[in-house]
Asks: 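First the structure, then my questions, so here it is.
Nothing here was measured: the structure is a model prediction, and the numbers come from that model. Chain naming here is simple, since letters A, B, ... match the order of the sequence lines and numbering starts at 1 in each.
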Number of protein chains: 4
Amino acid sequence: MSLPTSPRPPGRPRSDATRQSILDASAHLLETESYDKISIERIASEAKVGKQSIYRWWGGKADVVLAAYTERVLPRLPPRAPTDDAFGDLDDFLRQLFASVSVPLVRRTMQGLLAEAQLDPEFRLKFYGVFVASRRTLFKQVLRHGIAIGQFRADLDVETIIDLLNGAFWYRLLSGSEEDLDDAFAASLVRSMRPAIEAPKPTGKSKK
Amino acid sequence: MSLPTSPRPPGRPRSDATRQSILDASAHLLETESYDKISIERIASEAKVGKQSIYRWWGGKADVVLAAYTERVLPRLPPRAPTDDAFGDLDDFLRQLFASVSVPLVRRTMQGLLAEAQLDPEFRLKFYGVFVASRRTLFKQVLRHGIAIGQFRADLDVETIIDLLNGAFWYRLLSGSEEDLDDAFAASLVRSMRPAIEAPKPTGKSKK
Amino acid sequence: MSLPTSPRPPGRPRSDATRQSILDASAHLLETESYDKISIERIASEAKVGKQSIYRWWGGKADVVLAAYTERVLPRLPPRAPTDDAFGDLDDFLRQLFASVSVPLVRRTMQGLLAEAQLDPEFRLKFYGVFVASRRTLFKQVLRHGIAIGQFRADLDVETIIDLLNGAFWYRLLSGSEEDLDDAFAASLVRSMRPAIEAPKPTGKSKK
Amino acid sequence: MSLPTSPRPPGRPRSDATRQSILDASAHLLETESYDKISIERIASEAKVGKQSIYRWWGGKADVVLAAYTERVLPRLPPRAPTDDAFGDLDDFLRQLFASVSVPLVRRTMQGLLAEAQLDPEFRLKFYGVFVASRRTLFKQVLRHGIAIGQFRADLDVETIIDLLNGAFWYRLLSGSEEDLDDAFAASLVRSMRPAIEAPKPTGKSKK
DNA sequence: GTCTAATCGAGACGGTACGTCGGGTCTTTGA
DNA sequence: TCAAAGACCCGACGTACCGTCTCGATTAGAC
């Protein structure tokens, strides 16, 4: 009686050293080269690895770079500790989101991968999973919390609000001017959206 | 009294037939091929033209395709006739904006060019000029009109609102699911943004 | 005790099929096209081979054609069996030398390669090795034999004689008229050179 | 009674300044560039001349360079003053012939044109006329004079002797080693050929 | 003085080929 | 079976020239 899943596939097991070497090389190239100057051949040569060892495990350049990005470069957004100031939370979240792409390496990599995602529908899904879905989830938490503590209107169209704020983020990102995604922009967004988000005051008072 | 502009440069003048042939070929290829399957060589061969005749006038594939797009494919947004219903105008504008990319050809081309814009900073500027700047201008007109007729709040942060709405548009566009940019989404955007845009009612309650 | 020469270099070994295919294609093209109408691209396409597979192993068109020539076209001069008639041997040798270029294919190829050798000093050395050096060696054998059996003068300036006879051969060859290198010309050369080569008769008069 | 040749064709006459400019440019390029690096385009650009003005009067690069060579570079062999020492004359002639190609510019140009002559049968005729025919004539004069004054044998096969000596010259030229065509080689040739050329002494005495 | 005709500089044109790069696959030896 | 190495076919790159063509401008003799 054995487990249906083979406890160990036959043959030489995958070498983790090779895997790491490939990701290291990719991450290293990302630091100095623009995404489109990177090629599988360069990664393989830099990693002292056969090209086949890349193609065996990944689908192509975008795949490898995405892996290197998530394991080597990606600035993980730390979990948000919700406070009792929902607008402050939102502002913080946006600031942090913007800050996460202030590193040119991160920015350039995302642009390269974004480009690839536009050209390759299959890769777009992976790209979306890494770069978009997780952010939406975090976004949602922030908004939900605001609603829960009564500072955001109960009938908020959460998805659309995320489309708007997230959209503004991506829009500026792909527009390419590097200075745009700063704290001031985060503040502008919150300020402009406040009337759309804020729960109506029951006793007619405007914001304190 | 002669014009200071040189009446005619020396040498054989540029052949418009060649130019048209190149743009025709590009536009034709765009109809059947994805952007990344198009190459200068294919354009030249389809257009029965020497490659040099392309490189002489354009910088590369993206440049040519952009030209073909603007002259052959681009769905020009007709000028908006502002009405006395500013929210209706906004909704109309968004619907039309979304409709303009509902044609798969247009959508695919924009995605390809967007990809190129991410990879080539120089091309990004051209891309921005064609795809972004003009839309922002039209957007601004709609918002300014709403302010002028008193339906939009006077202190509206126009630029940020455009970043939000335009951002939502691009965000969905590059996310790639083709069904997203429909009239319902336009309506959702307007509905969600209404409190942020609407001029406060002088005598009391906002619209129920 | 192992051989110091690496028993086998790493990586996929060179494909002999590819090599043969390239040489076949080159030889085939030489049959129908003049040397200057042949291009690497044509060879590659005819051989169903990537251009890189040519550039990987040869330096350019001249290199490939030279290889094809030596392996496919070259009419090897059979080894001369020296007789006791040294002048007859010389005459035979010249006839055979001339006959070897009587095939238009050979002649045209040599002219093309000769042209290349004039333009590219590096290739000239290879050309010289294939077309000139070996002939000089054979020439030398014939002359040395004549000296050895006492029919050629002992103080013969072998190198200069070779320059003269070989020179006459090349001179006519590159002059291009195809009829010139015939048996009659060989006979003329031998007749004219005889007094310069023949060993002086010990007892008096030279041959009347 | 007018000349049958049209006294003047209609239209703008050919500009000699243009012609000179083209030849100057060609000659100038020959000084610094190898023949195969020269192109019609470079000549035209250097001469500040339209390409058509070259093609109008010459057939191609080889044609122009040949013209530039003959008018700008060619070292004219001065007419030989025959003396009463026919072997001395021959030696002088060869020395001068060899000296004429000792200038690298001359040598390189001749090699380039020789290459072209091998590739283009039509050009070969022009090449032969300029580089070969005239030398043969001079050669013939030297040999005829030697015969006339009784120092060369009366039954000399002049054409074959020229083939041999001229051949040796071209053979060394196209072999490319620059040091070969020196006075010593001229002397070797004369020495080796002497028995083949010298008129037999009537009274059995050997030379001098 | 036009008119006609050919030339001139300039440079665009359709082509062919260059030599290089990279993609993704295949074929070795060796672990 | 995996891995390093690297050859393989293929397609495209951007460049260089080819020889031809089309411009406006010019330079003559013919009318």
Asks: Mind calculating the distance between CG (A/Leu119) and C1' (E/dG23) to the nearest angstrom?
Replies: 15 Å
Asks: State, yes or no, whether a side-chain contact exists between D/Phe131 and D/Tyr69 at a heavy-atom distance under 4.5 Å.
Replies: yes
Asks: Please report the distance, rounded to the nearest Å, between CD in A/Glu46 and P in E/dG22.
Replies: 14 Å
Asks: Strictly by side chain to side chain donor-acceptor pair (under 3.5 Å), give each pair with a member in residues 56-66 of chain B just once, sequence neighbours left out.
Replies: B/Ser53-B/Arg56, B/Asp63-B/Lys126
Asks: Is any side-chain nitrogen or oxygen of D/Trp57 closer than 4.0 Å to OP1 or OP2 of E/dC8?
Replies: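 Yes, such a contact exists.
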Asks: OP1 or OP2 of E/dG9 sitting under 4.0 Å from any side-chain N/O of D/Thr18?
Replies: yes
Asks: Side chains of A/Leu29 and A/Glu46: does their closest heavy-atom pair fall under 4.5 Å?
Replies: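 Yes - at least one pair of side-chain heavy atoms lies under 4.5 Å apart.
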Asks: Below the 4.0 Å mark, does E/dA12 have OP1 or OP2 next to a side-chain nitrogen or oxygen of B/Ser53?
Replies: no
Asks: Given side chains that start at C-beta, do those of A/Arg108 and A/Glu33 come closer than 4.5 Å, heavy atoms only?
Replies: no
Asks: Rounding to a whole Å, what distance do you find between A/Lys48:NZ and F/dG6:C1'?
Replies: 15 Å
Asks: Do B/Ser34 and B/Lys37 come close enough that some side-chain heavy atom pair is under 4.5 Å?
Replies: yes
Asks: Using a cutoff of under 3.5 Å, can you pull out all pairs of nitrogen or oxygen atoms linking the protein to nucleotides 26-31 of chain F, with atom names and distances?
Replies:
from	atom 1	to	atom 2	distance (Å)
F/dT26	O2	D/Arg12	NH1	2.9

Asks: Side chains of C/Asp120 and C/Phe127: does their closest heavy-atom pair fall under 4.5 Å?
Replies: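 Side chain of C/Asp120 against side chain of C/Phe127, heavy atoms only: no contact under 4.5 Å found.
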Asks: We want to know whether B/Gln118 and A/Tyr35 form a side-chain donor-acceptor pair, criterion being a heavy-atom distance below 3.5 angstrom.
Replies: no
Asks: Indicate yes or no: at least one non-hydrogen side-chain atom of B/Lys51 is less than 4.5 angstrom from one of B/Ile54.
Replies: no
Asks: Given atom CG of C/Asp63 and atom C1' of E/dG19, what is their separation to the nearest angstrom?
Replies: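 Result: 15 Å.
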Asks: How many Å lie between CZ on D/Arg14 and P on E/dA5, as a whole number?
Replies: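 Going from D/Arg14 (CZ) to E/dA5 (P), I get 22 Å.
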Asks: Which one, F/dC2, E/dG14, F/dA7, comes nearest to the side chain of A/Arg56?
Replies: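 From the listed options, F/dC2 comes nearest.
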Asks: Would you give a per-nucleotide map of nucleotides 12-18 of chain F, 5' to 3', where B means the base has a protein non-hydrogen atom under 4.0 Å away, S means only the sugar-phosphate does, and - means neither?
Replies: BBBBBBB
Asks: Figure out the CG/P separation between B/Asp16 and E/dA12, and round it to whole Å.
Replies: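 My rounded result for the distance is 15 Å.
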Asks: Once you round it to whole Å, what is the distance between P of F/dC8 and CZ of C/Arg19?
Replies: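 For the pair C/Arg19 CZ and F/dC8 P, the rounded distance is 11 Å.
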Asks: Output the rounded distance in Å from CD1 (C/Ile43) to P (F/dC10).
Replies: 16 Å
Asks: Do you know the tightest heavy-atom contact between B/Ile40 and B/Gly60?
Replies: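 So the two residues come closest at CD1-C, 3.8 Å.
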